[in-house]
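Notes to accompany the following structure.
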Amino acid sequence: MEERYNPGAVEAKWQKTWADTRAFAVTEDGSKKKYYLLEMFPYPSGRIHMGHVRNYSIGDVVARFKTLQGYNVLHPMGWDAFGMPAENAAIQHGTHPAKWTYENIDNMRSQLKRMGFSYDWDREFATCDVDYYKWEQLVFLKMLERGLAYKKSSSVNWCGKCQTVLANEQVDDGGCWRCDSEVEQKELEQWFFKITDYAEELLTWTERLPGWPERVLTMQQHWIGRSTGCEIGFPLEGGKETVRVFTTRADTLYGATFMSLAPEHPLVERLVTPGQREAVEGFLSRVRKQDKEQRTSDELEKEGVFTGSYCINPVTGQKIPVYLANFVLLDYGTGAVMAVPTHDQRDFEFARKYGLEMRVVIQPDGEPLDPRTMERAFEGSGILVNSGPFDGLANEEAKEAIATQLEEKGLGTKSVKYRLRDWGVSRQRYWGTPIPVIYCDSCGAVPVPEKDLPVILPHDVAFTGEGGSPLAKLESFLKVDCPRCGSPARRETDTFDTFVESSWYFARYTCPDYTGGPIDREAARYWLPVDQYIGGIEHAVMHLLYARFFTKVLRDLGMLDLDEPFANLLTQGMVCMETRSCPTHGWLYPEEAADGKCAKCGEAAVLGRNEKMSKSKKNVVDPDALIASYGADTARLFSLFAAPPEKDLEWNEQGVEGCYRFLHRVWRGVQDNLELIRGAEIPAVAEGPARELRRATHRTIRKVTEDIDGRFHFNTAIASVMELVNAIYAFEGKPEHPGVLREALEAVVRLLAPFVPHICHELWEGLGHAEPLAAAGWPAWDAEALVVDEVLLVVQVNGKVRGKVTVPAGADEEALRQAALAEPNVARTLEGQTVRKVIVIPGRLVNVVVG
RNA sequence: GCGAGAGUGGCGGAACUGGCAGACGCACUGGACUUAGGAUCCAGCGGGCAACCGUGGGGGUUCGACUCCCCCCUCUCGCACCA
């Protein structure tokens, strides 16, 4: 063991040992309790960033802790490798997406290895490996058989100049990010997964996931958005057809004075009268120019147009006009809304704008409502009026009564609707899993037969960023014989949304080399569910909901015996950092403004807020530089110590110094006492300072154990070890109890091992242990050493601290009361006052109430 | 706009079920050691002379509120084709 702490040498030594011995490779072992720890796998963007360092440091603490506790821990790592950035790199720099991706993976793998994370690298895979995505194609075919995958028309962002589909992210302020021309909405036939079939199960299971943060479950519940209501048919005037609407407010039916349809509603074409055609066309072309972001956010001006047609309110018999409205969505409910302007704010604004009739049907207590003077819709509860036989009913009761009568008369049905929409998985892009379907002029869409899988993503294509997917231009890929009739046909050129790959990778880690199907049920039965899943809060809804959905699909396809994939979830906060900018040169990297001035012009740099690290804002910290100057252990320690995992982490370089200093301090503490403590025995009984140190040692063991296990309060766990180290330094110079000192130092090394594994393994070896630290297991605390004789009692008068008094540990309430009242400062405060009440909380405080 | 969170010294944070607000670390100040110190060790460190005042702002519940309730402000995340 070297005299001075040299992280570079220590870390290289242990990383080599771990790699050579495949220290973290695991297999199914029925004799041990399993623990599956998973962090969300990274997208191979090129280099790891501080968000990765933090995420994977958090996971590694838990993995190493559980391993030390004796669990058989599966801790895998891989790559979420399909996606847009690879294709963009190809368009901009001519690098093939595969080359770009695999090179990035090589890079990032070595960076992760340099961090000393305890991964079973034998299980590594990338989702762009054929051996991964071919199984996804198989799952798709099974879903197709079951009707869980289907095709329908849906709109996409379309740049007419580039002749290509744009992601929402590629639309800047309504314009194409590459050519800035106006983006339009275009209807395309696309593949969907029927996640709505699972809406009810996904919702009810949110009640059975106690290991998930409440806020994530709440967000998912709202996303699924179950609402009970009723579907009502409004007959078209002079026709046989009815327009079906869904409403949760059947109680307001008598106040429905017009109807709003989604612009994409299938009846639109038939409803438009010749006189209104021009107005409707104009409206539709404006709506098409609003991208999805705008349509779904409510920032845009409520706008609509009259179709020229009318339908009949089924209970009043009144003829009501049918409008198209930009805020009505085809995907939700029936795509048609009965409009009640007096009791719905959106309908109110719409009616005022177009001068439509308003009728009050619910009266609140007090001021009667008058449609002529109302300033906004009344959405509260009240008593029904103008509602025929239902007048006088409370509106909540009327919901049920009206719905029941509609059912009896065959005019409507009670029903449940969800806000959740089916999952569109088609992407008009190259770098993704090819969708295994063939189109034949006579047979239609034909699934690729299982024996013909995989449909391999071809390598040699041209990337221009224009004219749609490169696959569509590759004859050798496109041209194929129809598997059903043998006549010339063409392949599907769309690829899957990359969320599909990340919806089942956790299951593939249990059997990455399995060739009999997507998942080896035996391996999956042993390892799944994931005991602890860790990742960014930004995935609270979409990724986590899709993964839950996919698990249930795989279960129903007989591929997996599991209802929910993740038993416990930890969502970590963002890593942020201050931004700096120069009035003339814009954003500056930290090193370009080291002295508070712009390195280019000397102008004072403007210090911005803490923001999520991003290349565009130039507020990034390169983990490599950090590791080079301080080592991986310091980088890990800081990212864990600076904030609790679920909080956003604000980066500041000075805190890193403190962690580095602490590790030096630990090293010296061991090094300076090596001679003294060699072979020293831990005494059964100790007195005075030695007893205090033993108590501190065991208190720290308990604290760290409880902080890691389930609570994930790593920052306080580390703080408590720092306190123990301070106690050890204070104890030095009292060499009469070397055994107590040895016990304390060894506790520090063992407790820190999950956080800073390299230095701890080295120190453990230096302490003369033949067995590696991993074999020593996790330390237990000795309840006997924790016993205290005296406790400090806080004495308050009217809730304000007036004194403190030391009392025997087991003193009864009366003794505490006496001791409190006798405390000199308390007694002085109480002079001349009447004591009304004395509240005694044993072991904590006494509050004397006077007045 | 809708949904979900967060806000505590100069800074990051602690206070677990309502019970000493500010643990631990950074920064800063002083001291020791030293040829030297940007190393190390020790000590101090919310504001105020004090009574007291202090957990984003305002109200409430309670013997007692950072913690519970109501209103408001600010910031962060998500909003279905970024992953």
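Only this structure's heavy atoms are used, side chains among them; waters, hydrogens and symmetry mates stay out. Because the structure is a prediction, the values reported are computed rather than measured. Each chain gets a letter, A, B and so on, in the order its sequence line appears, and its residues count up from 1.
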Legend entry - Neighbours of RNA chain B within residues 82-91 of chain A, by heavy-atom distance under 4.0 Å: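 Only A:Gly83, A:Met84 qualify.
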Give me, pair by pair, the N or O atoms of the protein and of nucleotides 43-50 of chain B that are less than 3.5 Å apart, along with how far apart they are.
none

Does [X] reach a base, just sugar-phosphate, or nothing at all? Heavy atoms under 4.0 Å.
X        : answer
A:Leu420 : base
A:Ser720 : nothing
A:Arg836 : nothing
A:Val541 : nothing
A:Phe662 : nothing
A:Trp223 : base
A:Ala540 : nothing

Inset, instruction - Check salt bridge (Lys or Arg N to Asp or Glu O under 4.0 Å) between A:Arg47 and all other residues, then give those that pass, not counting sequence neighbours. - result: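 Scan of A:Arg47 (salt bridge (Lys or Arg N to Asp or Glu O under 4.0 Å), adjacent residues dropped) gives A:Asp624.
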Legend entry - A:Tyr660: ring-ring contact (aromatic ring centres under 6.0 Å, His included) partners, not counting sequence neighbours: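 Here the qualifying residues are A:Tyr630, A:His664.
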Inset, instruction - Apply ring-ring contact (aromatic ring centres under 6.0 Å, His included) to A:Tyr198 and list each qualifying residue two or more places apart in sequence or on a separate chain. - result: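 Applying ring-ring contact (aromatic ring centres under 6.0 Å, His included) to A:Tyr198 gives A:Phe549.
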Inset, instruction - Could you state the atom-to-atom distance from CG of A:Leu845 to P of B:C63 in whole Å? - result: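 Answer to the nearest Å: 15 Å.
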Quiz item: [X] side-chain donor-acceptor pair to [N] base, under 3.5 Å:
X        : N     : value
A:Gln190 : B:C81 : yes
A:Lys837 : B:C63 : no
A:Gln796 : B:C63 : no
A:Asn168 : B:C81 : no

Inset, instruction - State whether A:Asp422 and A:Lys194 are salt-bridged, where the test is any N-O pair (Lys NZ or Arg NE/NH1/NH2 against Asp/Glu carboxylate O) under 4.0 Å. - result: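 Judged by the 4.0 Å cut-off on N to carboxylate O distance, A:Asp422 and A:Lys194 do not form a salt bridge.
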Legend entry - A:Lys151/A:Glu492 ion pair, N-O < 4.0 Å: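 Counted as a salt bridge, because a side-chain N and a carboxylate O are separated by less than 4.0 Å.
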Pairs under 3.5 Å (N/O, protein and nucleotides 4-7 of chain B):
{"from": "B:A4", "atom 1": "OP1", "to": "A:His222", "atom 2": "NE2", "distance (Å)": "3.4"}
{"from": "B:G5", "atom 1": "O2'", "to": "A:Arg215", "atom 2": "NH1", "distance (Å)": "3.2"}

Legend entry - Integer angstrom distance from the P of B:G25 to that of B:G58: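 Per the computed distance, 34 Å lies between those P atoms.
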Legend entry - Strand partner of B:U74, provided both Watson-Crick or wobble distances fall under 3.5 Å: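 Checking every strand shown, B:U74 finds its partner in B:A6, with both distances under 3.5 Å.
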Inset, instruction - Please tell me which of the listed nucleotides, B:C20, B:C26, B:C24, lies nearest to the side chain of A:Arg661? - result: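 Of the candidates, B:C26 comes closest.
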